[in-house]
Number of protein chains: 2
Amino acid sequence: MTDNDQILALDNQICFALYALNRAVTARYRPLLEELGLTYPQYLVMLVMWEADREGIKPRVSDLGARLRLDSGTLTPLLKRLEQRDLLQRARLAEDERVVRLRLTNAGRALRAKAANVPGRLMCGLDIEPERLLSLRQELRSLLEVLETAEPSER
Amino acid sequence: MTDNDQILALDNQICFALYALNRAVTARYRPLLEELGLTYPQYLVMLVMWEADREGIKPRVSDLGARLRLDSGTLTPLLKRLEQRDLLQRARLAEDERVVRLRLTNAGRALRAKAANVPGRLMCGLDIEPERLLSLRQELRSLLEVLETAEPSER
DNA sequence: CTGATTTACATTGTGCACAATATAATTTCC
DNA sequence: GGAAATTATATTGTGCACAATGTAAATCAG
């Protein structure tokens, strides 16, 4: 194999390692979240909602978007599904009718207790040192920041 | 914040760091791949096809699936789109009519030359040491193997 | 050899992601 | 104060992912 071959070899792409691992992790979450009646992106939304709830904050759609890096095209239908399941409520602000404020229902708040064991059970049966995950998380976050700060790619 | 709070804090989830970085990387690929008329998953398929082509192999749909961890529900429509763009051809095997064999067209083969500069341009303007990416890739692959080897999660 | 099982791929339906556009409310700038 | 620009969310359309199911061909078992 020449260098030229190597550049485009699938196994040399970090992007593919990232893509494959992300899907494998999501797949491992799936049966656990199914017990909660949540998809993986819905679970992420609920994590933000639970956090905000504890701080007495009722986030706006755009707050979720900023936190999760998702736009209204993704969030609006997702939030409507969570609303239909009575996990949260969406309401326009009286002061500014453009804004939709989100608040947990009691059912949504209660679901947190059932979710509390998800992170633990996820790792269960996996022989991975916790510190390894910590340093990986740090590296992923650091690279995310580089990408979000950087200019769009060249030419 | 109590420990109990921390467990479900969004910023403590490796899964979220992985999810966010994966989407940020894909977003950075997007304008480059658009020049090739490819989506990101289509690009991954083409990487496998180019590799196979150089080895004189015409992979089956299931070969792509095994390599990319995708099933026919994802691959069949994706491959049909690549076929419509005349980048590859799909043909049932005479010996075993269940099997669909994939071969690059000349246009598909030619696209490789245009793709050759994608990895370089992707990193352009990013201040990241190559060795950092190498060790990250290794870590991601190692964890993928752990997940793929492991039992499904408990309970 | 034939019925049962397995294999490979296709189809259907749901739920993201995301670009592009739409809509309505607020803010800004003369 | 009113036209223009901006902001926040919604809608539409395309393309994944993936579960569940279908279909036809090949293999296996008795």
Side-chain angles (χ1 to χ4, degrees), chain A residues 15-16 18-31 33-34 36-46 58-66 68-85 90-102 152, chain B residues 15-16 18-31 33-34 36-46 58-66 68-85 90-102 152:
Chain A
C15 71
F16 174 63
L18 198 57
Y19 168 82
L21 182 61
N22 181 50
R23 287 194 300 118
V25 168
T26 306
R28 195 170 174 87
Y29 268 99
R30 198 166 295 118
L33 297 182
E34 200 169 2
L36 309 181
L38 295 177
T39 65
Y40 181 70
Q42 287 168 8
Y43 172 69
L44 296 179
V45 165
M46 291 303 290
K58 296 194 257 309
R60 311 181 304 169
V61 173
S62 56
D63 294 331
L64 287 187
L68 298 171
R69 278 79 169 173
L70 293 170
D71 67 8
S72 68
T74 301
L75 287 173
T76 297
L78 188 157
L79 292 169
K80 283 182 177 174
R81 282 186 283 270
L82 293 180
E83 189 177 33
Q84 277 185 355
R85 290 186 199 171
R90 305 178 320 130
R92 295 272 169 187
L93 267 194
E95 314 91 89
D96 187 340
E97 289 276 348
R98 294 171 304 181
V99 174
V100 170
R101 183 146 288 184
L102 306 166
Chain B
C15 71
F16 175 63
L18 198 58
Y19 168 82
L21 182 60
N22 180 50
R23 289 194 300 118
V25 168
T26 306
R28 196 172 174 86
Y29 268 99
R30 199 166 294 120
L33 297 182
E34 200 170 2
L36 309 182
L38 296 177
T39 65
Y40 181 70
Q42 287 168 8
Y43 172 68
L44 296 179
V45 165
M46 291 304 289
K58 295 194 258 308
R60 311 182 304 170
V61 173
S62 55
D63 295 330
L64 288 187
L68 298 172
R69 278 80 170 173
L70 294 170
D71 68 9
S72 69
T74 301
L75 287 174
T76 297
L78 188 158
L79 292 169
K80 283 183 178 175
R81 282 186 282 270
L82 293 181
E83 189 176 34
Q84 278 185 354
R85 291 186 199 170
R90 304 179 318 131
R92 294 272 170 189
L93 267 193
E95 314 90 88
D96 186 339
E97 289 276 347
R98 295 171 302 180
V99 175
V100 170
R101 182 146 291 187
L102 306 166

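We use all heavy atoms of the structure for the numbers below, so side chains are in, but hydrogens, waters and symmetry mates are not. Chain naming here is simple, since letters A, B, ... match the order of the sequence lines and numbering starts at 1 in each.
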Exercise for review: In sequence, state the C-alpha distance, the side-chain angles, and the governing distance for L64(A) and L79(A), and then conclude on side chain to side chain contact (heavy atoms under 4.5 Å, CB included).
Suggested key: CA-CA 10 Å; L64(A) 287 187; L79(A) 292 169; 3.8 Å; yes

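- Listed nucleotides dA8(C), dA10(D), dT11(D) differ in distance to K80(A); the shortest reach to its side chain belongs to dT11(D).
- Rounding to whole angstrom units, CD of residue Q84(B) and C1' of dG15(D) are separated by 13 Å.
- R81(B) has no side-chain polar atom (N or O) that falls below the 4.0 Å cut-off from OP1 or OP2 of dT14(D).
- In the set dT11(C), dA8(D), dA17(D), dA17(D) carries the atom at the smallest distance from any side-chain atom of L70(B).
- In this structure, L64(A) atom CG and dA8(D) atom P are separated by 14 Å, rounded to whole Å.
- Counting to the nearest Å, the P atom of dA19(D) and the CZ atom of R69(B) are 16 Å from each other.
- Listed pair S72(A) / dT9(D) fails the phosphate criterion, with no side-chain N or O lying under 4.0 Å from OP1 or OP2.
- Contact annotation: R23(A) does not reach the phosphate of dC16(D) (side-chain N/O to OP1 or OP2, under 4.0 Å).
- If you check dT9(D), dG15(D), dC16(C) against the side chain of R92(A), the one that comes closest is dT9(D).
- Computed from coordinates, the L21(A) CG to dA17(D) C1' distance equals 16 Å when rounded to whole Å.
- Taking for each of P77(A) and V61(B) the nucleotide of DNA chain C with the nearest heavy atom, the 5'-most of the two is the partner of V61(B).
- The shortest distance between the side-chain N/O atoms of R90(A) and the OP1/OP2 oxygens of dA10(D) is below 4.0 Å.
- Among the heavy atoms of the strands lying under 4.0 Å from T39(A) are primed sugar atoms or P, OP1, OP2 only; no base atom is included.
- Counting any heavy atom pair closer than 4.0 Å across all strands shown, E34(A) reaches no nucleic acid atom.
- OP1 and OP2 of dT9(D) both lie 4.0 Å or more from every side-chain N or O belonging to R60(A).
- Residue P41(B) has its side chain nearest to dC16(D) when only dC16(C), dA19(C), dC16(D) are considered.
- Ring geometry for Y40(B) against Y29(B) counts as tilted: the plane angle lies between 30° and 60°, on a 0 to 90° scale.
- Between the side chain of R98(A) and the base of dT9(D), no donor-acceptor pair of N or O atoms lies under 3.5 Å.
- The closest donor-acceptor contact from the side chain of R23(B) to the backbone of R69(A) lies under 3.5 Å.
- In terms of heavy-atom proximity, F16(A) sits nearest to L68(B) at CE1-CD2, 3.8 Å.
- Between T74(B) and the phosphate of dA17(D), there is no side-chain N or O to OP1/OP2 separation shorter than 4.0 Å.
- The nearest whole Å value for the distance from the CG atom in L102(A) to the C1' atom in dA8(D) is 12 Å.
- Between the OH atom of Y29(B) and the C1' atom of dC16(D) there is a distance of 18 Å, rounded to whole Å.
- Between dC16(D) and Y19(A), no contact under 4.0 Å exists linking OP1 or OP2 to a side-chain N or O.
- Side chain of R101(B) to backbone of K58(B): a donor-acceptor contact under 3.5 angstrom is found.
- Nearest-nucleotide positions on DNA chain C place R85(A) closer to the 5' end than the other of E97(A) and R85(A).
- Mapping S62(A) and A24(A) onto DNA chain D by nearest heavy atom places S62(A) closer to the 5' end of the strand.
- Among the nucleotides dC9(C), dA25(C), dC16(D), the one closest to the side chain of D96(A) is dA25(C).
- Contact check for T74(A) versus P41(A): no side-chain heavy atoms found under the 4.5 Å cut-off.
- As rounded to whole Å, 19 Å separates atom C1' of dA19(C) from atom OH of Y40(B).
- Within 4.0 Å of L75(A), counting heavy atoms only, lies no atom of the nucleic acid at all.
- The listed nucleotides are dC18(C), dA8(D), dC9(C); the one nearest the side chain of D71(A) is dC18(C).
- Residue contacts shown for R101(B) are absent, as no nucleic acid heavy atom lies under 4.0 Å away.
- Looking only at distances, a side-chain donor or acceptor of R92(A) sits under 3.5 Å from a matching main-chain atom of R98(A).
- Closest to the Q42(A) side chain, of the nucleotides dG15(C), dC9(C), dC16(D), is dG15(C).
- At whole-Å resolution of the value, CG in L93(B) and P in dA24(D) are 19 Å apart.
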